[in-house]
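Here the structure is laid out as structure tokens; the discussion comes afterwards.
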Amino acid sequence: MLKVAYTVNSNTLNIDCALFRFHFPKIHMSEICTTNARQQAKKGALFVDVREPADLAALAFDAPEVINLPLSQLARRWQELPQERELVTVCFNGVKSQQAAEFLLAHGLKNVHPMRGGILLWMQKGFPVLGKRHTTLEK
């Protein structure tokens with residue numbers, strides 16, 4: 001069994017184990033609310049939906065420009081993203097979009113914002129989606 005220790009201080013995340021030692025600078029990012037994300041999309045921001053393709057087929061954001069780059073493929077495909085554009089990472093509930101934004105910022109992209117609440121909050125606000133809105137649990 002490999003033991004890994006990590007510590008977090010005000011500026012770095014340190015990961016230590018017998019095989020390696022990494023020190024990551026703490027990333028400061030600003031989360032964006034659904035209302036502001038929608039406004040930014042209308043102004044040219046690109047939504048990067050990090051859900052899997054099957055999830056998008058069932059329910060997708062109805063926004064001017066949305067591309068699908070699943071979180072599972074982000075590490076090998078992130079360089080396909082336009083680096084000069086504002087990117088808003090989106091997902092189902094906001095968790096994966098936060099992870100994606102942290103990864104992109106750590107790899108040098110500057111204008112990346114995770115959208116709080118994902119498509120769940122987007123729908124709750126009454127914003128448009130493609131696919132079936134679920135208002136109750138179906139049996």
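The residues of the chain are indexed from 1 along the displayed sequence.
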Expected output: side-chain R116 to main-chain G94 donor-acceptor under 3.5 Å: no
Over all atoms of both residues, closest heavy-atom pair of A101 and T89: CB-OG1, 3.7 Å
S72 side chain reached by K96 side chain, heavy atoms, under 4.5 Å: no
Among M115, R38, Q39, side chain to side chain contact (heavy atoms under 4.5 Å, CB included) partner for I32: M115
Residue pair G44 / R85: nearest heavy atoms and the distance that separates them: O-NH2, 2.7 Å
Parallel, tilted or perpendicular: ring planes of F61 versus F47, cut at 30 and 60 degrees: perpendicular
K43 and Q40: CA distance, side-chain angles, deciding distance, side-chain contact (heavy atoms from CB on, under 4.5 Å) verdict: CA-CA 5 Å; K43 293 178 183 177; Q40 290 306 104; 3.8 Å; yes
Approximate separation, where rounding is to 0.5 Å, of W122 CH2 and T35 OG1: 9.0 Å
Heavy-atom closest contact (D49 atom, C91 atom, distance): OD1-CA, 4.2 Å
Validation row: L109, W78 side chains within 4.5 angstrom (heavy atoms): yes
Verdict with supporting geometry, L69 and L74, side-chain contact (heavy atoms from CB on, under 4.5 Å): CA-CA 6 Å; L69 181 53; L74 191 63; 3.5 Å; yes
Polar side-chain atom of N68 near backbone of R51 as donor-acceptor pair, under 3.5 Å: yes
Between CG on residue D62 and CG on residue L130, distance to nearest 0.5 Å: 4.5 Å
Nearest-0.5 Å distance, OG of residue S97 to CG of residue L104: 11.0 Å
Rounded distance [0.5 Å steps], CG in L87 versus NZ in K110: 13.0 Å
Pair T34-Q124, side-chain contact (heavy atoms from CB on, under 4.5 Å): steps then yes or no: CA-CA 10 Å; T34 52; Q124 186 179 23; over 6 Å; no
Rounded distance (nearest 0.5 Å) linking atom CG of L46 with atom CG of N111: 11.0 Å
